[in-house]
Amino acid sequence: AAEMKGKIYYLVPTLLDEFQTGSIDAITKFMGDVGYEVVSLDGQNRTDLQLSQIDDVINLKPAAVILAAVDFDAAKTGIEKMRAAGIPVMIFDRQITSTPSDFTSVAGTIEIGHVAADEITRLLTEKNGSAKGKVLQILGDPGDPYTLEIQQGFEEKMADNGDVTIITHPAMQWEATNAGTIAQDQLLTNPDIDLIFVHAAHLAVAVAAVLEAQGKKPGEIMLVSSNGAPVGLDLIRKGWEQVEVEQPMVAQAAALAMFADKVINGEEIKPGTYDVTGLESVVTIEEWGPNIKIPGAAITKDNVDDVKFWGNMKPPTDPVMSVE
Amino acid sequence: MTTTTPLLQLQDIRKNFGAIEALRGVTFDVSGGEVVALLGDNGAGKSTLVKIMAGGQPPSSGKVIFEGKERHFESPAEAKEAGIETVYQDLSLCTNVDVVSNFFMGRELTRKVLGVPILRQREMEIETAKALKEGGTNIPSLRVNVAHLSGGQRQAIELNRFVHWGGKLVLLDEPFAALGVEQTRRGLEMIERVRQRGIGVILITHVMAQAFAVADRIVVLRHGVVAGDVQTSQSSPDEVVNMITGGIERVAKGLANQPETGAGT
Amino acid sequence: MTTTTPLLQLQDIRKNFGAIEALRGVTFDVSGGEVVALLGDNGAGKSTLVKIMAGGQPPSSGKVIFEGKERHFESPAEAKEAGIETVYQDLSLCTNVDVVSNFFMGRELTRKVLGVPILRQREMEIETAKALKEGGTNIPSLRVNVAHLSGGQRQAIELNRFVHWGGKLVLLDEPFAALGVEQTRRGLEMIERVRQRGIGVILITHVMAQAFAVADRIVVLRHGVVAGDVQTSQSSPDEVVNMITGGIERVAKGLANQPETGAGT
Amino acid sequence: MTTETATAPHNSSEMPARRRQVLEFLLDNLVWLILIVVLAVFSVSIDQFLQIGIFINILQNSTFIGIIAVGLSLTLIAGHMDLSIESVMALAAMVVALTFGTGGAGGALALEPAWLAFPVSLLMALAVGAIVGTINGVLVVRLSINAFIVTLASFIWARGLVVALSGGRSVYGLPDSMRVMAVDQIYGIPLLAWMLILVYIVFAFILAKTPFGRHLMMIGGNEVATYRAGIKVGAIVTATFILSGMLAGFAGWLLASRTAGATANLGIGMLFQAFAAVVIGGVSLKGGQGRLSGVFAGVLLLSSIQTAINVMGMPPHYTQMIQGGLVLAAVLLDTMKNTIRRRYL
Amino acid sequence: MTTETATAPHNSSEMPARRRQVLEFLLDNLVWLILIVVLAVFSVSIDQFLQIGIFINILQNSTFIGIIAVGLSLTLIAGHMDLSIESVMALAAMVVALTFGTGGAGGALALEPAWLAFPVSLLMALAVGAIVGTINGVLVVRLSINAFIVTLASFIWARGLVVALSGGRSVYGLPDSMRVMAVDQIYGIPLLAWMLILVYIVFAFILAKTPFGRHLMMIGGNEVATYRAGIKVGAIVTATFILSGMLAGFAGWLLASRTAGATANLGIGMLFQAFAAVVIGGVSLKGGQGRLSGVFAGVLLLSSIQTAINVMGMPPHYTQMIQGGLVLAAVLLDTMKNTIRRRYL
Ligand SMILES: Nc1ncnc2c1ncn2[C@@H]1O[C@H](COP(=O)(O)OP(=O)(O)OP(=O)(O)O)[C@@H](O)[C@H]1O
Ligand SMILES: Nc1ncnc2c1ncn2[C@@H]1O[C@H](COP(=O)(O)OP(=O)(O)OP(=O)(O)O)[C@@H](O)[C@H]1O
Ligand SMILES: O[C@@H]1[C@@H](O)[C@H](O)OC[C@H]1O
Ligand SMILES: [Mg+2]
Ligand SMILES: [Mg+2]
C-alpha cells in the first residue's frame, strides 16, 4: 500500500445498528483510497463515553476526526475542544448545527421523515383510494433525537397530506423484540391498521416475524422502514416490506473522503454540485461550515437490486478521488 | 430492699406468633436491687418475654409497667433510654467490625471538631481492654473482627459491655452459656455488684447452681405461663427442676415483693 | 475397651491465623467406645481443634491419624464419609428452611421416579418427630422455619440429628449450652448409648458436672497446648478447674490409652 | 397449689384455624392476587383490553423474560446471581440465526432433511448457554470470585461477542422448521406460551421436590452449614450456573424463532425486567428464599403493564415513567402483606 | 509435672511481624497494586499512552462514575443498594440544563448577577437528588420494601421523567458561570478531578472517623444487633439514601457542566460501571464491608481500561469483548489475594 498520509479517528455512536457498522467499513475503505488510515472508536450510545474518547483522541494528535455524535448537541464542547487543539472535525450522518465544524456530510433526518410520509401517502392511496387510513409508527428509543426528528418530519408532512390516523409507540433502546410486541398488541386493539412504519430496518425484522406468525400474508399489512439496511432490502424482496427509505450511507462516507485533503490542509471548499458515487449532491456553506447533503431515495420492489444502495453491500470498487 | 412499687411489673402478658401462643398470660415483677432468676424449659417463652421487656417486640396483649407507669416501648432504643439494658441469647454483635466497635455499639465516645463528632478510638480501646480484663476474658487483639473470636469470647464482650452502661434494670438471657468456669464466676460476682448498686436484674439460665448462687427469687415459666414464683431461700434445686419439667406448680402470691433474706413482711 | 490402636490420633497439631497461634502443638487421641471430655478456657483452641478433626480447616502443621492411617480431610464431606460426625458450637442450621429439612440436611430420604430422586417428605417428618421426642424437646411444628425456634430448640435439632447417622467418631462442641435441664440429662444418656455402640466421643463443655458424668478421660487445653490429660476416675473437678485456669499442668504420658476403669494394662 | 399444666403451646383462640389458613394462603400468593386486581382494573379502564387475544399476548410476551427469570431465580436462591442471562440469550439467538438465517448476515446452512434444523439449532443454543454458564460457575466456585462481577463481565463480553460475530448486522429469515415455536399453537395457545409454562412446572418441581432443589435453598440460607453437612456445595452451585445459562440459551433459541432472525441489540433491557419480576415475585436477593410461582406472577404482572401501555396509546415520552410508577405501585400493594400479617395473624 | 504456662496466644515465629504487616497492607490495598501494574503494562505496550494528558483524562473521566459510586457504596455498606443513581444524575443534569440552557429545549433563565447561576443550579441539582433519595429512603425504611426494587423503580421512572421533561430533545449552551467546573483547572488538574478527589476524602473520613460511618458499617453487618443497641437504624438508612441521591445530583450537575447541557439518554450504562467499580473495590453486596479507597482504585481501574481501549485503536467490534475480558482479568488478579493470604499469613 502507498505511504499513508495520517490517521483519522472515526467516532461511531454505536455498533448495535447495521447502518453504523456498515459506515465503519465504508469510511475505512474510502479514506484508504485517498491515503488515510482510519481508527474507529465505539461510543456504545453513551454521551459521556464519547466525550472521553474525544479527550483521549486529542492527546493522540490525529490528522482529523470524523464524528457521528451519540447525541446531536452534547458533542458541541468536544468539537470546540478538538478544533481548539488544531484538529479538523468532520461531522458524519448526525448533523450538528450548534457549533462550527470543518465539514458535514449528512442525509438529513427530517428529510427522511418527509420521504417516508410521501411514500406512505402513496401506499395508502393505492390501497384505500385516497390518503386515509391508520398507521402504526414505531419509533426507536424515545430518548434518541434521531428517531424524534424523523417523527417530526414524518408527522408534519402527513398532516399536510391527508386524513391519516397515526398511532405512535417507542421501541425502548431500539430493541427489536419490543417493536414486535408493540405490533402484536396493537394489531389486536386496532385490527384496522393499514401500515406499520418503523424507524430502522432491524426493527422491521421483528415486526415482519410477528405478522408472519399471525398468519398474515406479505403485504396484507404494509411495512415501511427507514435507513436501508440489508435486512430491510431482504424484507422487500420477500414482500413483507413495501418501502425502505434509504440513507445514502455509502455516498455519505465517500463525500468525506473526497473532501478529506481539503479539510485537513485547511483549503477552501467551494459550494456547488458534486457527483458523489453517482449521486448528485449539493455543497452549501452554512453557519456551521461547509455542508454536503446527499439525497436519500425510496427503495421499493422495483429498484431494490440497485447496487448503489448500501444495503446491497456492493460498495463501488472504483477508488474515490480527492476533489481538486 | 423495700416494699415500694416494684421497678418493673408485667401483667397478663400474652404473645402469639400466628397460630403459636408463646406466652399465655404472664404476670410477675422485679424490684430495684433484686435478682430474679427466670427459669424454664426450652421453648417455655423466656426469650420472648425478654424481648417484650426490652422493647424489641410488642406483646399481643397485657401491660408492661415500668417505675409505676404503663409503658409501650416501641423499640429497644426507647427501653434503653428508660434504663433497661439487655444481653440477648442470640448474640447481638456485628461480626464484621472489631471488638471495640462492638463494645461501644451505639454509645461511641466522641469529641466534636467544628461541630462534627469524631470517634475517640484510643479511649474506647482502653476502656474495652479494662472491662474485658475484669471479666477474666483473654482476647488476642481488640482490633480483630468479632467474626474471628471464639464463642465464649463473643459472649464475654456482650456480657461485659452492659455493666459499663449502668441503667436501672438489666435483662440477661443465658449470658453464661458459652463462658468458661472462671468467666462465669466473675459474671456472677458482677451481677452481685450490679444488684448492690440498686439495679434490678433478671437472669435466665438453665443451670440451677447459677440461679441459686445469685437470685433472690426464682420465677419458672412453663409453656408460656408462670408455673412457679418462689423465694430462693425457700426452695431447692430439686423443687425448681420439678416446676420446670411440670411436676409441680407453686406461685407464692403476695410474696413476690419480699426481701430476699428473712421471711417477715 | 482394648489397647488396640486408637480411633483418632492427633500429633503436634498447630494452627495459626495470621499472627495468632490458636494451637501450638496438640497431641492426644481417642479410642472407639471412649468418651473424652475436651475442656479449656474461652479461646483455648477447642473449637479450632474440632474443626481440624472435622475436615473444616486444615492444620498449619501436624498429623491427623484416623484408624491408623494419616488422613488429610479436605472437606467436612470427606470426614463425614470416613465416619466423623460433628455438632458445631456455632450452630450449623439453615434458618430459612423447616426443622425436617435441617434434620436431614445432606442425607435426605428419597425414592426414584424415572431415575429422578424425589424427596420422601412424610417419612422424614415422622423420623424427625421421633428423634426429637426421644431427646425430650418440644417443638410446636416441624414445618416451621428454624428462624422461629428458640435457642434450645435449635440446639436440640443439631444434637439429635447426629445419633441418627451413626458413624465412628462423634465430635460435640458444647452441645448442651442452650439445653434445658431435662434435655441435657437425656443428651448425656444419649452419649452413653453411643459409647456403648463402640463409637468414640469427644465432648467439649464448660460444665464440670457434665464432663465428670460421662467422660472416661479428660483432656485440658490451655492457650493452644494440652495442659492436662487424665483419667476421670483419677481426678476431681477442682483439679481440672485448676488445670484450665493454669494453676497446674498434668499430662499423664503413656496413660492416654488406658481403659477408663481399673489401672492395669 | 400443685397442678399439671398443659403440654404444648396452644392454638390462639382469637381466629378460627381455618380462616387463618385461608388468609395465610392468600398472603403467600399475594402477587397473584395483585396480578388479578391489576388485570381487572386494566380490563375495565382500557378500551379493548378485555379480550382473549390480549391475555394470550401477555402470556406469549412473557416467554423470554419469564424463562431467563427462572435461571436468575435459581442463582439468587443459591445466594449468587447471574447477570449474563440477557447477553447469553442474545448470543444463542445470534449463533443460531447466523448459522441458519437466509437473509442479512445469515449463513443459510440447509440441513437434509429440513426438520433437522430444529433439533440441531436447539442443541447449539443450549450449548452456547452451557458454555457461558460453565465459565461463570467455575469462576464463582473455584476461584470464589463474586458472582456479580463474574457475570457482569460475561454480560459485557457475551454482548460484545454478539456484535463481533455479526459484525453488528442483523439476520432475517429462518427455515420454517425453526419457526414452529413462534407460529404454531396448541388449544389456541401459542407454543411459546406452552414452553414458558413447561419451564415453570419443571423447575418448580425440581425446587420443591428434589434434593437438588432443597440443597439450593439451604445453600442460599447458610452455605457454611450445608458445607459442614457434607453437601457438595461447589458442584451444586456450578450446576446452577450451567442451568441458568442453558435456560438463557433456550430463551435465545425461542427468541430467534420469534423474531425470525436476530439483531445485535436483541433483548437489550430484559435483564432489568427479569430482575424486577424475580424480586416482585418474592425471591430474596440475599439468597435462600423464593418460589417460582411468585416469579411467574411477577413476570406476568410486568408483561401486563407493558401490554397495557402498548394498548393505551399514550404519548410515548411517558411510557417509562408510567412503567416505573406501576412497578412501584405493584410492590406497594405487596407490602400490605406485612401489615396484614402483623395485624391479623 | 505442675508448671505455669504462658498467658496469651503467641505470635507465630515463622514470619517476622514486620514483613507480615507489610504483606497485610499490600493485600488490603491490592486493587491499587493492580491499578499500578495495569497502568504500567498499558504505558509500555500502548503507543502514546504514557503522557500526562492521558492520566489526567483517566482521572477526569472517572468523575461521574466515581461520585455516584460513593453513594452506591454507602447504601451497599448499610446492607441496601441504590440503583437509581444513574437516572438521578441524568435527572439533575436535565433539570439544570432545562432551566439555564440557552439552546434546544433550554429555558434560558438568566440570573443577575450572572455568577448566581452557579450556586442556584448546584442547589437545584442537590435538591433533585435529595428528593429522589428521600422517596427511596422512606419506601425502604418505613414500608420496608426491598431496596433493589424500590430503586429499580426509581431508576425507571426518573429516566422516564428525563425523557418526558425534555420531550427527548437535548439542551445545550449553559452560561459560562456554570461551565467553570468543566473548563477550569488548578495546578494543571481539571476542577472535575479535584471534585472527585474531594468527595472521596470527605466520605472516606466520614466512614472511618464518625459515629455515622461506623453505624453504617455495623448496620450492614447485623441490622438487628444495631437496632437492639438503640442505634436509630431507620434514620441512618434514610439519611444514607438521601446522601446517595445528593451525590448523584452533584454528579449530574458536574455532568451538565461537562456536556454543556443534557440529553435524554445522558449517562446510560454508568450504573453498571459504578457497580463494577464498587465490587472490584471490595465493597460486599451483602453489606457491612468496604472502604472507599478501594472503590476509588476500582473506578480508576475501569477508567484506565476504557482509556486504553480508546487509545489502542483496535477493531471496534471487539472492544466490548475486550472490556469484559479485562474487567475479569483485573478481578482474577484480585483473587490471588486469598491464595497469598492462605499460603503466607
Ligand atoms: N418469631 C417467632 N415466630 C414463631 N414462633 C416463635 C417466634 N419466636 C419464638 N417462637 C416460639 O415461641 C416459643 C418460645 O420461644 P422462646 O425463644 O421464648 O423460648 P425460650 O424459653 O427462650 O427457650 P430456650 O430456653 O430454648 O431459649 C417457642 O416454641 C418458639 O418456637
Ligand atoms: N478464623 C479465625 N481467625 C483468627 N483467629 C481465630 C479464628 N478462629 C479462631 N481464632 C482464635 O483462635 C483462638 C481459639 O479459638 P477457639 O474458637 O478454638 O476457642 P475455644 O476454645 O473453642 O473457645 P470457647 O470456649 O470460647 O468456644 C481464639 O483466640 C480465637 O480468637
Ligand atoms: O440509520 C440510523 C443512523 O442514521 C442514525 O444515525 O442512527 C440510527 C440508525 O438507525
Ligand atoms: Mg431463650
Ligand atoms: Mg469453642
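The figures that follow rest on heavy atoms only: side chains count, while hydrogens, waters and symmetry mates do not. No experiment lies behind these values; they were computed from the predicted model shown. By convention in this document, chain letters (A, B, ...) are assigned in the order of the sequence lines, proteins followed by strands, and residues within each chain are numbered from 1.
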For the CG atom of C:Asp173 and the OG atom of B:Ser150, what is their distance to the nearest 0.5 Å?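 The OG atom of B:Ser150 is 9.5 Å from CG of C:Asp173, to the nearest 0.5 Å.
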Distance, nearest 0.5 Å, that separates CZ of C:Arg154 from CD of B:Gln89: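 Nearest 0.5 Å value for the CZ-CD distance: 8.5 Å.
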Go through the steps to decide whether B:His223 and C:Asn138 satisfy the test side-chain contact (heavy atoms from CB on, under 4.5 Å), and finish with yes or no. CA-CA 10 Å; B:His223 295 312; C:Asn138 215 323; 3.7 Å; yes
To check you understand the geometry: which heavy-atom pair defines the closest contact between B:Gln153 and C:Asn42, and what is its length?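 Minimum heavy-atom contact is N-CB, 4.2 Å.
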Chain B contact residues among residues 174-181 of chain C, heavy-atom distance under 4.5 Å: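 C:Glu174, C:Ala177, C:Ala178, C:Leu179, C:Gly180, C:Val181, listed by number.
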Chain B contact via C:Thr245 - which portion, at a heavy-atom distance below 4.5 Å: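 Side chain only.
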Side chain, backbone, both or neither: which part of B:Ser47 has an atom under 4.5 Å from a heavy atom of chain C?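 Neither part; nothing is under 4.5 Å.
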Between B:Gln183 and C:Asp41, is any side-chain donor less than 3.5 angstrom from a side-chain acceptor?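 Judged by distance alone, the side chains do pair up.
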